[in-house]
Amino acid sequence: MVTGINHIGMAVNSIDETLKKWSENFGAVVLKEKKAFPGGQISCLIDIQGQQFELMEPNGEGTVKKFLENHGEGLHHISLKVSNVDEDLDRFEENGLSVIRAPGMRSGFIKPKGNFGLLCEVSEGDF
């Protein structure tokens, strides 16, 4: 069962530049420092007045770099909190959504195709 929104993922060319602008203009504060993830990205979790955003910067080749090349900076995904990733991904598939499972992790994704063009991360935990 979806229990809420965890964060909104944004693809950016530079976390540092984005954070500087968003801190000055919107009062953004860092919740979790930069962290390198498999798949060629560095992420940083920030807060703006109780709303969380994941800033994602490419780190070599990977999905974030490809996304930026094809779409430019902007909305990448919405992360949904769920009570049980496996059960929820099964239910989403039963209801006609195409999913990506992340073996060994408590998260997965709902593919944009068939979901109105929106990539959704599905996670039991936080960032």
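Heavy atoms only, all atoms of each residue included: Leu68 and Val12 are closest at CD1-O, 3.5 Å. Between Lys65 and Gly60 the shortest heavy-atom distance is CD-O, 3.6 Å. The two residues Ser14 and Glu73 have their closest heavy-atom pair at N-OE2, 4.3 Å. When all heavy atoms are compared, the tightest approach of Ile46 to Leu19 is CG2-CD1, 3.7 Å. The shortest non-hydrogen separation linking Phe92 to Val2 is CZ-CG2, 4.1 Å. Closest approach of Gly9 to Met56, counting heavy atoms only: C-CE, 4.4 Å.
Formation of a donor-acceptor pair under 3.5 Å by the Gln41 side chain with backbone atoms of Thr63 is not found in this model. Remark: side-chain polar atoms of Ser23 are paired, donor with acceptor, to backbone N or O of Ala28 under 3.5 angstrom. Judged by distance alone, with hydrogens and angles left aside, the side-chain atoms of Asp88 form a donor-acceptor pair with the main-chain N or O of Met1 at under 3.5 Å.
Under the 4.0 Å criterion applied to side-chain N and carboxylate O atoms, Arg101 and Glu93 are assigned as salt-bridge partners. Lys21 and Glu17 are not joined by a salt bridge, as no carboxylate oxygen comes within less than 4.0 angstrom of a charged side-chain nitrogen.
The side-chain contact (heavy atoms from CB on, under 4.5 Å) test applied to Asn115 returns Leu97, Ile110, Leu118, Cys120, not counting sequence neighbours. With sequence neighbours left out, the side-chain contact (heavy atoms from CB on, under 4.5 Å) criterion links Phe109 to Ile100, Leu119, Glu121. With sequence neighbours left out, the side-chain contact (heavy atoms from CB on, under 4.5 Å) criterion links Arg106 to Asn84, Val85, Asp86, Glu124.
Between the CD atom in Glu57 and the CE atom in Met10 there is a gap of 14.0 Å [rounded to 0.5 Å]. Rounding to the nearest 0.5 angstrom, the gap separating the OG atom in Ser107 from the NZ atom in Lys81 is 15.0 Å.
With a 6.0 Å radius and a threshold of 12 heavy atoms from other residues, nucleotides or ligands, Gln49 has its CD atom at or below the threshold.
By the rule that hydrophobic residues join a cluster once side-chain heavy atoms approach within less than 4.5 Å of another member, Val29 and Ile15 end up as members of separate clusters. A continuous path of ILVMFWY side-chain contacts below 4.5 Å connects Val99 to Ile78, so both sit in one hydrophobic cluster.
His71 and His76 have their aromatic ring centers separated by at least 6.0 angstrom.
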